[in-house]
Amino acid sequence: MTFHTLTYNMCNITVVIYEFGDDRMPPKAEITKEKVLDASFEIAREQGLEVLTARSIATKLKCSTQPIYSAYGSMEELKDDVYSRAIDFAITSMRQYEDDKNSPAMKLVLGCLLFAQNEKQLFRTIYLSDYRKYYLTRYEDRINEEIYTAFLQLDDRLSLISESKVKTMFLKLMAYWLGISTMINTNMLSLEIEEATEMVEEMYQALSIREGLE
């Protein structure tokens with residue numbers, strides 16, 4: 001703030017006039033819904049969904065909790081959006097894995113193994129958090145749908161067995177693959193990508209033989 005002083009000699013009165021100069025405080029940045037979601041996603045990615053609170057978001061944005069609740073009516077609504085963004089991020093990450101030797105389904109599976117290794121907190125949010133079950137009671141499991149669609153293109157012989165058997169094979173393969181992913185994510189298992197590939201392929205071959213696809 002700049003001070004200007006004017007003196008009126010006849011009355012011996014000093015008048016101080018306050019004016020804003022170049023050092024005026026800048027206006028506070030508006031806390032939009034998108035900024036709240038961005039900050040929330042970063043917290044979940046770095047520390048996990050369970051630490052996400054209005055106060056932790058406010059701390060990251062350097063504001064009070066009031067703008068958080070102005071942007072989102074409830075923490076449930078916010079967590080739904082964070083979880084949905086985590087799924088989008090995971091699908092994009094899994095699709096980025098490229099290997100001409102493998103089918104689209106195997107590339108997604110191996111992409112998930114890398115996701116489990118590189119994005120530990122997001123993997124736990126999507127697959128291991130208590131919020132997963134609550135979220136899936138209201139929304140579709142988009143990651144599994146993506147992988148199942150690719151799985152159907154894995155082998156032409158899958159058309160020779162019933163849909164129920166195909167789904168059973170898929171669920172068993174998913175359980176095996178997610179088990180490996182979880183052990184990698186929690187540092188219980190250290191595998192090279194080539195080893196993981198061989199393990200998943202061997203399981204698929206075993207399941208195929210069991211269903212008579214030799």
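These figures come from a predicted structure and were not determined experimentally.
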Residues in side chain to side chain contact (heavy atoms under 4.5 Å, CB included) contact with Ser70, at least two apart in sequence or another chain
Gln66
Short side-chain to backbone donor-acceptor contact, Thr59 and Arg55, under 3.5 Å:
yes
Would you say the side chain of Glu34 lies within less than 4.5 Å of the side chain of Asp38, judging by non-hydrogen atoms?
yes
Non-neighbouring partners of Arg95 that pass side chain to side chain contact (heavy atoms under 4.5 Å, CB included), sequence neighbours left out:
Ile91, Leu108, Glu146
Residue pairs meeting ring-ring contact (aromatic ring centres under 6.0 Å, His included), one or both in residues 173-205, sequence neighbours left out, come to none
Validate the cation-pi geometry between Arg138 and Tyr134: distance from NZ or CZ to the six-membered ring centre under 6.0 Å, angle to the ring axis within 45°.
yes
Any heavy-atom pair between the side chains of Thr32 and Lys35 that's under 4.5 Å?
yes
Name all residues meeting the side chain to side chain contact (heavy atoms under 4.5 Å, CB included) criterion together with Asp141; count only those two or more places apart in sequence or in a different chain, and write none if there are none.
Arg132, Leu136, Ile143, Asn144
Under the rule for side chain to side chain donor-acceptor pair (under 3.5 Å), what residues qualify as partners of Gln153, not counting sequence neighbours?
none
Pairs meeting criterion ring-ring contact (aromatic ring centres under 6.0 Å, His included) with involvement of residues 34-54, two or more places apart
Phe41-Phe89
Could you check whether Lys120 pairs with Glu46 (Lys NZ or Arg NE/NH1/NH2 to Asp/Glu carboxylate O, under 4.0 Å)?
no
Is the shortest heavy-atom distance from the side chain of Thr125 to the side chain of Tyr83 under 4.5 Å?
yes
